[in-house]
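In what follows, a structure is listed as structure tokens, so that the remarks can point back to it.
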Amino acid sequence: METRAGERRRTLLRAAMVLGLALLLAGFMVRDVRARAFVETDYIARALWAAGGLLAAGSLALDWRRVLALLRGRRTAEGVNFVFVAVLGVVLAALLCYITTRRYARLDWTRAGRFGLHSQTESILAALEQDVHVVTLYRSDDSYDMAVVGYAGDMLEEMKARSPHISTEEMDLTLAATQSRINRLLAQLGVSDLAVPAVVFVAGDRHETITFDRIATSSRGSVEMPDVFLGEDAFAGALKRLTAGEGAVVYALTGHGQRQLKVEDRAGGPPQAAGAGAGPARSLSRVASALEHDNYEVRVLDLAAEGRVPEDCDVLVVAGARARLAESELRAISRYLDEQEGSLILMLESPFGVAVDTNVTELLADYGIRAREDAVGVTRMQGLLGQTVTEKTVPVPGERLPDHPAVAGLDGFRLWLEMAVPLEITAEQPAPGLSTRPLLTGVESSWGATGIEPGSQQAIEYNPAADLPPGVIVGAVVEPTAGGGMAQEAPEGPKILVLGSTGAFANTTVDQHRANLYLLSNAVNWMAGRTHLLGIPPRSMDMHIVSVSPSQVLAARYVFIGVLPALFIAAGALVWLVRRR
Amino acid sequence: MVNIPVITRRELSSYFLSPMAYVVLTGFALSHGILFSLGIGSRIEPNMQAYYAFYITLFLLILAAPVLTMRLVSEETNQGTIETLMTTPVTELEVVIGKFMGALVFAAVMFLPIVVQVVYLRFLGPVDVGPVLAGFLGLFLLTGQLLAIGLLCSALTRVQIASAIISFAILIGLYFMWYLGQGSPGMGAAVLRYLSPPWHYVNFAKGVVDTRDVAYFVITTGLFLFLTVRALQLRKWR
């Protein structure tokens, strides 16, 4: 009886010991892991540790004689040796793993480079000296959120790999336990609410919120499967804004029928009243947003009232003036360029699209550029039905772009300039220390067509005698050339970017051709001397949806559910038969 | 180390002469085929479907790895052939590596349906080769780790079923850590995530080869093989 009672006691103590250790382990697990049912898990962890510790210590104390006997046995010595070596091995492995997590590399094997970083993002991260904590707020029950979290998570992993100052955290809004963490975050940021789902960049007491619609979008309209990732530019922009100092200022000229960049621009001149720049589709507000996103302040400039271009103007934009500028205004812009070594982006409006009567192109005469307002850029291309059509649009493929900061990173894209005024370079060195060169050259099948009646639908044929030659120029740049000195400083002087089209940068167009927007973003960064902040182009997720015919679906089922398993069964049967003989 | 190829060949022939091998091969091909076919609809994205093919393998391996490894050492222990093996001029390390390599080669044969699936997807549309190669690299490393765990369990028990159950429980635990560690900020959650094989494997399937993931699989596989060698050496003392 005593033996049986003793056996039962030992079994109970052994069970208590195992249970105690299990509770101790469970306490560690509960402390940090997400617990769907609980808001706070700390008190549960403490209770588990207390109960586990009590059970384990109690069972040890009550069964100390057996423990002592066990410790003296040979099997125990063997076991201890094994456990000791195992622990040593685990510690060594943990140490190695830790070392490999400190210095590591991520190799992107995808064709589209989905997981790599743009060189500009790498520069920003390399220069990052401030700690930035990135919090992703999402709902795990939303497929769009989860798709974006996947893309954003990969990008943030890449960023973490490049900078020790980046740390990340994810908060699933469907979990009750997340609420207390959100409250702590809100308190830290000093705000009462945050837009969600979003990625929040926090640096000290400053923060930047990037909502998911700015991170990924779908080119096919599929909400659940975004295939264009814009997040890198958004994330890099957030880092720029959080860590950069004062922003630069871009002025948009108003009063001559220009297209709107800012709402205040509605106070335009007479042509605007005709509706040229009115309406969100034709305005350039996307350009303004992109610039603000890059930490620029966009202001409207009424030169007739101001009399001069302000001192703090980093870049002046004239977005498709349709009315004439006063002589004083032209002189003010010239003074800005010559005396202030200013930067000008001059977008032209073609008279073939809308009524134009402007003298703004006179500004270009001194810089070796002639705007051919009597012509329009056209391209011979293949229509939907395979027929040849000539469109008043000039595509500029990435491979035709020169090596210039204003078009950096656009190699894989195609710019589209509709209703473009062709440009001619009349002098490559218009003045000492200045050079002029083409920036945007159309495809070989494009040319500058003349003799077309504005608004007419007549067939356009190439006329070598009168038209501008194929490979029409629709963008040109004037910039100071480097001096002969030993100094590596940037050359000083005015910078001018002339773009043959304004409509190419309107909201509806840049929504379809994002590269057009990135050209302007790059150009402004180059002109403002922020070459390390050049815009980052969007990246395609390299997705190709293919249609599968019912017979192909059926074939897949036959092969993968029928044929392949049957082959293995047949091989097994064959081996069995051979062995039987 | 010259004995390793001999032991590997012996293990392979022993695999392919046993009916269990064909049951595992058929079971894997059938279940993988069913799951893969479920993802084929009237419109698919071949790269995502290829990712899916690797993703489902992740879960099927929880079942396959214990079955593949359960007999490797425990059967020999149970039948007493381990004593014969150990009296031959081979070291414990050679035995362990040889058996491990045999299981790994067998697993490679088991993955043949995935190759056929990728070819099928390539026939339907463009498939990015990089993520597929990365996926196979990840699959190879993951399988190595799971087989090493199974081999250790097999070396620690005499009963095959017990070995399979223990290694299955360990794998379930490791996979469960992935779930537990998601969406939590603490150090404990980070450790749980790091310990979980799926956390590292999905990067490969996406086309990212991260040296941390490679190191994790190589180090943990090495650790479990080392422990298996120690477990075999422990027998000498008894």
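Chain naming here is simple, since letters A, B, ... match the order of the sequence lines and numbering starts at 1 in each. Scope of the values below: all heavy atoms of this structure, side chains included, with no hydrogens, waters or symmetry mates.
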Revision key, fill the gap. Residues at least two apart in sequence or cross-chain that pass salt bridge (charged side-chain N to carboxylate O under 4.0 Å, His left out) with A:Asp145, listed by chain then number, are none
Practice item. May I ask you to check whether B:Phe36 and A:Phe560 place their ring centres under 6.0 Å from each other? Key: yes
Exercise for review: Only counting residues at least two apart or in another chain, list the ones meeting ring-ring contact (aromatic ring centres under 6.0 Å, His included) with B:Phe16.
Suggested key: B:Phe106
Check your understanding: If only atom types and distance count, is the side chain of B:Asp128 paired as donor or acceptor with the main-chain N or O of A:Thr110 below 3.5 Å?
Key -> no
Review point. Given a strict heavy-atom distance threshold of 4.5 Å, which part of A:Val575 is in contact with chain B: side chain, backbone, both, or neither?
Key: side chain
Study note, to complete from the structure: chain B shares the most heavy-atom pairs under 4.5 Å, among A:Ser549, A:Ala556, A:Gly89, with A:Ala556
Check your understanding: Is the backbone of A:Val559 close enough, under 3.5 Å, to the side chain of B:Tyr120 for a donor and an acceptor to pair up by distance?
Key -> no
Review point. Using a heavy-atom distance cut-off of less than 4.5 Å, which residues of residues 218-227 of chain B contact chain A?
Key: B:Ile219, B:Leu223, B:Phe226, B:Leu227
**Study point:** All ring-ring contact (aromatic ring centres under 6.0 Å, His included) counterparts of B:Phe176, not counting sequence neighbours
**Key:** B:Tyr179
Review point. Relative to chain A, which of B:Ile44, B:Ile40, B:Asn203, B:Val132 shows the most heavy atom pairs under 4.5 Å?
Key: B:Ile44
Exercise for review: Find out whether the Lys NZ or Arg CZ of B:Arg212 is both under 6.0 angstrom from the six-membered ring centre of A:Tyr104 and within 45° of the ring's axis.
Suggested key: yes
Practice item. Could you have a look at A:Ala161, A:Gly572, A:Ala105 and say which one has the most heavy-atom pairs with chain B under 4.5 angstrom? Key: A:Ala105
Review point. Which of these, B:Leu30, B:Leu25, B:Val23, sits in a side-chain contact (heavy atoms from CB on, under 4.5 Å) with A:Phe568?
Key: B:Leu25
Review point. Are any non-hydrogen side-chain atoms of A:Arg579 and B:Leu17 less than 4.5 angstrom apart?
Key: yes
Study note, to complete from the structure: The interface call for A:Val578 against chain B, heavy-atom contacts under 4.5 Å, is neither
